[in-house]
Each structure stands twice: as C-alpha cells, then as structure tokens.
Amino acid sequence: RLFVQKEQFDKAITAFENVLKMDGNFVEAQFELARTYFLKRQTDNALDELDKLISTHPDHEEALRLKVRISLSDKKPERALKSLQMLSQG
C-alpha cells in the first residue's frame, strides 16, 4: 500500500502480483491490485481483477462499489446497475 500512497503504481502492481503468486486467495491483495489499476487509469485491467474477485467473493462490497464507480466513469450504466443489484442482495 505504501507504493500506492506514494503513487508508485507500477511497483505496487508488481508487489500485489507477487503476493498473489504466493497466495492466489489473498482477497485484500486482489482488491488492492484492482484499485491500483483503477488509480493508474487502466480500467480494463481493474475490471478484470474485480471480476475475478467478485466471482469468488460475490459479497465483497468494496469490489462491487469500485466496479460501480468504474462503470459509471466508463459510461456503462447497465454494468453499474448490475453491480448495485449485487450489492443490495448482499
């Protein structure tokens, strides 16, 4: 997270990817990787990571909220609505 705070996004991405290579089920690392991609404005990569996370943890509120935020910024209201519906079910 320190790399993210210092806006050293490439280093943060590498660090989170390395953590996930050691433990692919580390939910916080997976979410932080997605969030870092979003902060770096790589929304496609962020959405890919969020989709992976949500597929195994459909009630992960932070992931769903970030997906809503990305969907709205990408002008994809249908995708945002689907994530909001998942949030309301959780």
Side-chain angles (χ1 to χ4, degrees):
R1 286 186 176 177
L2 183 61
F3 291 130
V4 174
Q5 290 172 351
K6 292 185 175 188
E7 295 188 11
Q8 296 176 345
F9 300 128
D10 291 330
K11 289 182 180 181
I13 288 168
T14 300
F16 291 129
E17 286 175 340
N18 288 336
V19 168
L20 289 167
K21 284 178 188 174
M22 291 185 288
D23 181 0
N25 297 316
F26 193 169
V27 174
E28 186 176 346
Q30 198 169 17
F31 174 74
E32 290 298 331
L33 176 59
R35 191 172 75 86
T36 303
Y37 278 130
F38 170 68
L39 293 171
K40 195 175 176 192
R41 301 191 196 306
Q42 293 183 359
T43 57
D44 288 340
N45 290 337
L47 287 169
D48 287 344
E49 292 302 322
L50 290 169
D51 286 340
K52 287 181 209 174
L53 176 56
I54 292 167
S55 73
T56 57
H57 296 84
D59 59 344
H60 194 287
E61 288 187 21
E62 288 178 296
L64 290 166
R65 287 181 185 172
L66 182 55
K67 190 168 180 179
V68 168
R69 186 173 175 190
I70 293 170
S71 299
L72 292 175
S73 70
D74 286 350
K75 299 188 182 348
K76 304 277 185 177
E78 316 82 31
R79 190 173 63 204
L81 181 59
K82 184 177 177 184
S83 297
L84 282 170
Q85 288 170 334
M86 290 177 72
L87 258 173
S88 68
Q89 293 171 2

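What you see is a predicted model, and the numbers here were worked out from it, not measured in a lab.
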Nearest 0.5 Å, what's the CZ-OG distance between Arg41 and Ser73? 9.5 Å

Ile54 reachable from Leu81 in the ILVMFWY side-chain graph, under 4.5 Å edges: no

Quick one: do Lys40 and Asn45 satisfy side-chain contact (heavy atoms from CB on, under 4.5 Å)? Show the steps, please. CA-CA 10 Å; Lys40 195 175 176 192; Asn45 290 337; over 6 Å; no

Gap between atom CG of Leu50 and atom OG of Ser83 - 0.5 Å precision: 8.5 Å

NZ on Lys11 to OG1 on Thr14, rounded to 0.5 Å: 9.5 Å

Drop me the distance from Thr43's OG1 to Tyr37's OH, to the nearest 0.5 angstrom. 12.5 Å

Does Phe16 share a hydrophobic cluster with Phe26, counting links as ILVMFWY side-chain heavy atoms below 4.5 Å and allowing steps through other members? yes

On a heavy-atom basis, which atom in Ala12 and which in Thr36 lie closest, and how many Å separate them? CB-CG2, 4.0 Å

Rounded to the nearest 0.5 Å, how far does CD1 of Ile70 lie from CG of Leu47? 4.5 Å

Taking every heavy atom of Ala80 against every heavy atom of Leu72, the minimum-distance pair comes out as CB-CD2, 3.8 Å

Just wondering, more than 12 heavy atoms not from Arg69 lying within 6.0 Å of its CZ? no

Heavy atoms, side chains only, cut-off 4.5 Å: are Glu28 and Val19 in contact? no

To the nearest 0.5 Å, atom CZ of Arg65 lies from atom CG of Leu87 at 5.5 Å

Evaluate the criterion side-chain contact (heavy atoms from CB on, under 4.5 Å) for residue pair Lys67 and Asp51; output intermediate values, then yes/no. CA-CA 9 Å; Lys67 190 168 180 179; Asp51 286 340; 2.5 Å; yes

Would you mind telling me which of Glu78, Lys82, Arg79 makes a side-chain contact (heavy atoms from CB on, under 4.5 Å) with Ser71? Arg79

With a 4.5 Å heavy-atom cut-off, do Glu49 and Leu53 have their side chains touching? no

